[in-house]
Amino acid sequence: MTSLVWAGGFPCSKHKRCNGTERDARVMVWDQLPLPSRIRSALQRTHLKSVREVLSLPAVDVQRLTGLAQPEVHQLLTVAAAVCRRHAPLTVLQLQRGECRRCESGLRLSVSCPVLDGLLRGGLPVGGITELSGPSGAGKTQLALQISLSVQYPVEHGGLGAGALYICTEDSFPIRRLQQMISEQAILRSEVPPSVISGLHFSDHVYIEHAADLDSLQVCLSRRAPVLLAAGLVRLIVVDSVAALFRSEFQTEDWLERNKQLLTFSTMLHQLSQEFTTPVLCINQVMDVLKDDDSLGPLSSSVTPALGLAWANQVMMRLMMLRHQTTVSRGDQSSTLRRLEVVFAPHLARSKRDVGVWREGVRGVPVLE
Amino acid sequence: MTVELETANNHGGGEAVTALELLQREKECGSITTFSSQLDRALKGGLPVGKVTEICGAPGVGKTQLCLQLSVDVQVPLSFGGLEGQVIFMDTEGSFVLQRVGDVAAAVVRHFSLVAEDGEQKDAMQTFDMESILSNIFLVRCHDYVELLAELHLLPDFLRDQPRVRLLVIDSVAFPFRQQLDDLSLRTRLLQGLAQQLVSIATRHNIAVVITNQMTTRLQDSQSHLVPALGEIWGHASTTRILLQWEGSRQVAAIVKSPCCMDTAVQYHITSEGFRDVNQPENSDQPEIPLTERRSL
């Protein structure tokens with residue numbers, strides 16, 4: 001199991017817990033548990049150090065290690081389970097009323113365009129991995145840059161009031177384009193009071209990291225990211241792109257090893273996303289669809305996201321951006337038309353919107369009735 | 001029947017029952033509608049209470065959607081032929097989204113408001129509304145397999161306090177067990193224990209247990225096949241296995257393992273209202289597709 005450096009060790013003002021008491025279930029002194037002394041001494045004779053270790057073994061193994069009778073093992077497991085549990089089951093009605101701050105609250109990160117927010121029913125969900133795939137030149141990085149700015153707005157304007165960690169794995173970070181987008185924010189977000197926009201120092205809050213290989217990516221996610229997240233400086237992680245690292249480092253025969261690494265990587269992203277209620281956006285490349293392969297559903301194009309089923313199983317929301325032949329113009333600008341498509345998401349229908357890429361950013365073309 | 005007897009005796013808590021008594025109990029158990037009449041028919045009524053049913057499929061095909069539909073359908077009032085039960089939804093992937101549950105619940109309430117006939121049904125609709133539906137779904141969020149195992153340890157006590165629960169959903173079992181467990185033999189043993197726990201919960205508390213599973217690729221004869229994840233041994237955990245898959249632009253639910261239903265497949269689709277039949281005006285006399293041409297898993 002990948003052990004993360006930050007496990008339970010960072011104090012954080014943004015880190016809210018439901019019940020106030022915080023227990024680190026990874027290390028537990030047996031004296032603190034309400035158990036009879038017979039069970040406690042049996043535990044102390046074993047190598048088991050924490051409630052998590054006790055629970056991650058089959059009951060039969062625990063019985064064998066401790067030499068306790070079955071009812072005592074059952075009692076031990078029940079007490080251990082109660083410690084591990086974060087809170088008692090809540091009803092969905094209680095959730096909807098906001099009675100649990102850490103749970104699914106329906107919070108979304110706006111993408112700074114009302115048409116695209118409409119497509120996504122609010123924006124990016126704050127838990128789980130969102131994937132944005134597409135051919136090169138489709139505009140994925142454009143949208144990712146835009147979201148790295150929209151996250152910085154206060155919650156009442158669709159943001160999360162914090163910055164973005166942008167991890168580049170391919171080319172160098174497009175700093176000039178980011179500066180251009182920053183200078184045009186007042187045009188893109190004309191509904192936000194100018195005083196709010198000028199008060200946000202956008203470039204200070206985009207933390208750029210370059211990860212040229214898997215090892216440096218691992219270091220970034222296990223050390224740098226938790227520090228930024230725990231300090232509340234960042235509430236969006238962008239990886240641009242996932243495909244670059246996993247496709248280049250492995251030969252085709254090594255797909256088992258590649259899948260293992262993919263799983264380790266996505267597990268880290270999930271843990272960060274859950275622990276800090278942070279949206280994660282992964283940009284992915286595409287490959288040509290194999291003939292007769294409809295396992296992942298019908299696609300409106302001849303390309304499918306790279307990295308296969310192993311990666312697809314880790315993604316909660318899958319979006320695809322495709323380029324079209326036609327152009328669209330607005331004022332003195334013209335743009336090649338793109339289409340942003342929802343391939344799957346637990347709360348969205350398969351739908352799409354036409355999109356243009358402008359000086360001020362990515363904007364959906366309003367749907368005409 | 002014999003398997004259930006052995007399980008009951010091994011746990012040391014049940015008394016011996018005759019096969020006839022078990023048969024009678026099974027008839028009384030009931031089932032949960034899927035809101036797709038074709039799938040209900042193929043399952044001989046719906047998802048069976050007292051049994052473990054597994055739903056497998058590739059990402060995005062509709063496993064979570066079917067689980068959300070069942071979580072609302074289990075609550076349908078008795079006067080409409082429903083179970084009027086509660087549900088515990090164990091979410092391991094974070095795919096339980098409030099907005100979507102709201103859509104599905106609203107559609108079910110609308111449907112039954114329209115079909116309510118007699119006084120008893122109209123009375124039932126007074127209390128069968130969005131708020132009551134949301135208040136009968138218990139959500140448990142598990143971030144890894146240890147938390148999932150912990151919640152299952154605590155489940156029997158919870159069920160004793162909440163006797164109206166008729167459905168347990170775990171969406172998905174595959175996700176946490178494939179993430180941090182490198183030791184495959186440990187994983188197999190934990191899954192075996194989990195499978196026994198689920199059967200025990202289903203039978204002792206008279207609950208329908210629904211688990212979802214991912215798909216994985218298996219190389220056989222230098223060709224790759226899509227098979228349910230978690231290995232061969234896990235295949236024995238459930239009584240019934242439903243495979244959701246794409247066939248071109250169609251979505252098909254195939255019953256690939258069942259003690260009582262023939263291998264059949266029906267077409268479905270996910271609408272804004274939830275899991276539904278596909279309307280087939282011309283071919284309505286042959287909605288089920290026999291599975292003879294399909295490759296076996």
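Lettering of chains follows the sequences in order, A, B, ..., and the numbering in each one begins at 1.
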> Can you tell me if CD on B/Gln162 sees more than 12 non-hydrogen neighbours from other groups inside 6.0 Å?
Replying inline: yes

>> Can you pull out every salt bridge (charged side-chain N to carboxylate O under 4.0 Å, His left out) where at least one residue sits in residues 129-141 of chain B? Sequence neighbours excluded, please.
In response: A/Arg97-B/Glu131

>> As a test of understanding, state which of B/Gln65, B/His269, B/Gln69 forms a side chain to side chain donor-acceptor pair (under 3.5 Å) with B/Arg276.
In response: B/Gln69

>> Between A/Val60, A/Leu263, A/Leu348, A/Val315, who has the most heavy-atom pairs with chain B when the cutoff is under 4.5 Å?
In response: A/Leu263

>> Need one label for A/Ala312: side chain, backbone, both or neither, based on atoms under 4.5 Å from any heavy atom in chain B.
In response: both

> Has the side chain of A/Glu53 got a donor or acceptor atom that lies under 3.5 Å from a matching backbone atom of A/Leu48?
Replying inline: no

> Considering only heavy atoms, which portion of B/Asp103 lies under 4.5 Å from any heavy atom of chain A: side chain, backbone, both, or neither?
Replying inline: side chain

> Counting only heavy atoms not in B/Gln223, do more than 12 sit closer than 6.0 Å to its CD atom?
Replying inline: no

>> For B/Leu139, run the side chain to side chain contact (heavy atoms under 4.5 Å, CB included) check against A/Leu95, A/Thr91, A/Leu90 and tell me which one passes.
In response: A/Leu95

> Do the side chain of B/Asn213 and the main chain of B/Ala174 share a donor and acceptor less than 3.5 angstrom apart?
Replying inline: no

> If you count heavy-atom pairs under 4.5 Å with chain A, which of B/Gln251, B/Gln86, B/Glu151, B/Arg178 comes out on top?
Replying inline: B/Glu151

> Which atoms of A/Asn259 come close to chain B, meaning under 4.5 Å heavy atom to heavy atom: side chain ones, backbone ones, both, or neither?
Replying inline: neither

>> Is B/Leu219 close to chain A through its backbone or its side chain, or both, or neither, when contacts mean heavy atoms under 4.5 Å?
In response: side chain

> Within residues 125-132 of chain A, which positions have a heavy-atom distance to chain B below 4.5 Å?
Replying inline: none

> Does a side chain donor of either B/Ser172 or B/Glu93 reach within less than 3.5 Å of an acceptor in the other side chain?
Replying inline: yes

>> Heavy-atom pairs under 4.5 Å with chain B - which of A/Leu77, A/Leu55, A/Asn313 has more of them than the others?
In response: A/Asn313

> Given a strict heavy-atom distance threshold of 4.5 Å, which part of B/Ile137 is in contact with chain A: side chain, backbone, both, or neither?
Replying inline: both

>> Less than 4.5 Å to any heavy atom of chain A: does that hold for the side chain of B/Asp91, its backbone, both, or neither?
In response: neither

> Checking A/Ser273 side chain against A/Thr278 main chain: does a donor-acceptor pair fall under 3.5 Å?
Replying inline: yes

>> Under 4.5 Å from any heavy atom of chain B, what part of A/His270 do you find: side chain, backbone, both or neither?
In response: side chain

> Looking at B/Met130, B/Met90, B/His153, which has the largest count of heavy-atom pairs under 4.5 Å with chain A?
Replying inline: B/His153

>> Using modelled atom types and a 3.5 Å cut-off, is there a donor and acceptor pairing between side-chain atoms of A/Arg121 and backbone atoms of A/His347?
In response: yes

> So what's closer than 4.5 Å to chain B heavy atoms on A/Leu309: side chain, backbone, both or neither?
Replying inline: side chain

>> Quick check on the 6.0 Å ring-centre criterion: do B/Phe275 and B/Phe35 meet it?
In response: no

>> Measuring from atom CG of B/Leu190 to atom OH of B/Tyr145, what distance do you get when rounded to the nearest 0.5 angstrom?
In response: 6.5 Å

> So what's closer than 4.5 Å to chain A heavy atoms on B/Phe89: side chain, backbone, both or neither?
Replying inline: neither

> With chain A, which of B/Gly62, B/Ser272, B/Ser135, B/Ser132 has the greatest number of heavy-atom pairs at distances under 4.5 Å?
Replying inline: B/Ser135

> Relative to chain A, which of B/Ser95, B/Gly193, B/Gly57 shows the most heavy atom pairs under 4.5 Å?
Replying inline: B/Ser95

> Quick one: CG on B/Leu243 to CD1 on B/Ile55, what's the gap to the nearest 0.5 Å?
Replying inline: 11.0 Å

> Is it the backbone or the side chain of B/Val61 that comes under 4.5 Å from a heavy atom of chain A, or both, or neither?
Replying inline: neither

>> Looking only at side-chain N and O atoms, does A/Glu257 offer a donor or acceptor that is under 3.5 Å from a partner on A/Gln261?
In response: yes

